[in-house]
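Heads up, the thing below is written out as structure tokens.
Each chain gets a letter, A, B and so on, in the order the sequences are listed, and its residues count up from 1.
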Amino acid sequence: MNLLILGLLPVGLVGVVGYLFWKLKVKEQEIAREREASTRQVYELSILKELGERVGYSLDVEEILQIITNSLHQFIDYTAVAYLVIKEKKLRLGVHFDKSANHKFFVEMKEKMLASLGALSNNSYDKFTVEEMVSGAVEMETGPSTVGSFFNIPLVIGGKLTGVLTVTDVKSGLYKEGDMTILYKITGQVSEAIVRLQRVVASEQEKIEKVREEYTSMIVHELRSPLDGIRKIIELVLSGKVIAGSKEFGEYISMAYQSTSWTLELVNDLLDLSKLQAGKFEVVKAEANIKEVIENRIAFYQVAALAKKIKIDFLPYDLPESILFDERAVKQVLNNFISNSIKFTGEGGVVSVSAFVAGGKDAGSIPESSNFVFPTLENLKVKKRSLCVVVSDNGVGVAPDMLPKLFQAFKQIRLSAEGGGERGTGLGLAIAKGITEAHGGFCGAVSKEGKGSSFFFTIPL
Amino acid sequence: MKKILVIDDDQFFPKTLEAALPQGAYELSHAEDGEVGLAKLKSWKPDLVILDLMMPKLDGTAFLKKLQESTDLPKVPVLVSSNLSSVKKISDVMAMGAVGYVIKSDESLQSIVQDIERVLGENTKKI
């Protein structure tokens, strides 16, 4: 009995050990599988991330294939990985050798790839020249010379076959379905990304082209109109329908004068704007007294304001003696703000110019203004200590959806034509914005329909 | 006397056109945008409309569309006169029923007057 037990014991032990060993083996396989799966996932993620970043600004299929082929070794073993892409009347073959192989191996691989591409596209590529690019391990005279394992992934972009991606090894029976699936997935994603990007690029180009066309036809229209007006007036005089010295003649001459001034103003504004857009608008900063500059501009517009019985107030708050800015350019901004305010304010209205320092650590507060729609610190967007100049009026005000458009070139032109008699080029605010930005500042407006508007600019001190 | 309604935000064009038209043959009225134009079309009943395209409030294209869709607005020949010269714009406007398109800066006042006389002459024959 004891002997029997003793005799069976080793058998049992072997059994238990065997069972444990088997169990361990299964576990090991599981772990290996899991590890493999996670490696793949990590690879997939990393390559997709890299592709996402690089495809973001590349439409070059070859460049994208290079990224894939250069990073493939992270998860798959191979002798060589290659791509073959169709480029008009040429084929481009890119091969990367991970391990050395014989030249015969290269030739066989190339033939297999050409055959696959031909079969996939139902086309013959015999007449095509093949440009080759080989990198990685060197070719050897003696090394392995036949292709053992081989698989192809077709590269289809926008429904069109553009090439094949191939993985090869000298050993046979290497590649499983899983390896192919992952490559399918990656090339699929790449293809989608490229198609998406191509669409975006095409539609963006269309949009830009449309905006450019509209802009040009607008400029042409605005230049033609006053010039044509002048010519038609001259035509009347030449034809004898309007006689020199008559009352009408005087009227027509003054119309021609207005048209000429308007054309000149438009040409000057266009010139400024194109300089600003090209980044060639030169801001020549010098120390100057901003208070005096504003006073000077207000004095200049007093006559126009008086004609409409409009009062212009100036409210300076603790301004520094001198500030670094381009006097000529800032005058241009002030001209635009003040003349607009006068234009859009009814008879007997008030235009008020406030100048103060705000922003930074010792932020100084914004002056109280209950009479006007006045900007807040947030509206002014002052991060650093800055000079803030605000031109407020109790005029017609601007609709909220129109406000941001005012600062875009040519958006305002129709609006200004409504402002009674006087016209603006519609470019003034776009130019003011450019000038302020060239000073490192901000230019904007707040408004309430029926209550009035404030246009402002800031210059960091 | 034939009545001509000029719908144009340019103040000068109707003045020069009026001076160029043969005296005593036409009566001219001016509307500074499409909205005023629509109102004058109903109340003044012109024989011809000379329509600008780029105008505030209601532009020329929108004016033509209203005219096309409306059942109660009088059917009046519309001669478009603008400084816009894109081929697309011209064909769009013609498709909307305009009887002609004049690129202002390409034509003299004299030739615009001839266009007006041609359109009004044809229109009289039809009636």
Exercise: identify the closest heavy-atom pair between [X] and [Y]:
X         : Y         : result
Ala19(B)  : Leu236(A) : CB-CD1, 3.7 Å
Met255(A) : Lys15(B)  : SD-CD, 3.9 Å
His221(A) : Met54(B)  : ND1-CE, 3.3 Å

Over 12 non-hydrogen atoms of neighbours within 6.0 angstrom of [atom1] in [X]:
X         : atom1 : result
Lys3(B)   : NZ    : yes
Glu347(A) : CD    : yes
Lys66(B)  : NZ    : no

Taking C-beta and beyond as the side chain, do Asn83(B) and Glu222(A) meet within less than 4.5 Å on heavy atoms?
->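 No; the side chains remain at least 4.5 Å from each other.
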
Please examine the side chains of Lys232(A) and Phe12(B), heavy atoms only from C-beta on, and report whether any two atoms are closer than 4.5 Å.
->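 No; the side chains remain at least 4.5 Å from each other.
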
Heavy-atom donor-acceptor pair, Arg224(A) side chain to Ser105(B) backbone, under 3.5 Å =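 Looks like no, no N/O pair under 3.5 Å.
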
Where the side chain of Glu235(A) meets the backbone of Ser108(B), is there a donor-acceptor pair that is under 3.5 Å apart?
->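 Checked: no pair found.
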
Between Glu213(A) and chain B, which part of the residue has a heavy atom less than 4.5 Å away: side chain, backbone, both or neither?
->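 Looking at Glu213(A), nothing touches chain B.
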
Which bit of [X] comes within less than 4.5 Å of chain A, counting heavy atoms only: side chain, backbone, both or neither?
X         : result
Leu17(B)  : neither
Ser82(B)  : side chain
Ile112(B) : side chain
Glu107(B) : backbone

When rounded to the nearest 0.5 angstrom, what is the spacing between OG in Ser225(A) and CG in Asp52(B)?
->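 Between atom OG of Ser225(A) and atom CG of Asp52(B) there are 7.0 Å.
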
Please round to the nearest 0.5 Å and tell me the distance separating atom CG of Asp228(A) and atom CD1 of Ile103(B).
->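 Here the interatomic distance stands at 11.0 Å.
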
After noting the C-alpha distance and the side-chain angles of Thr16(B) and Tyr252(A), does the key distance pass the side chain to side chain contact (heavy atoms under 4.5 Å, CB included) rule?
-> CA-CA 8 Å; Thr16(B) 48; Tyr252(A) 282 115; 3.7 Å; yes

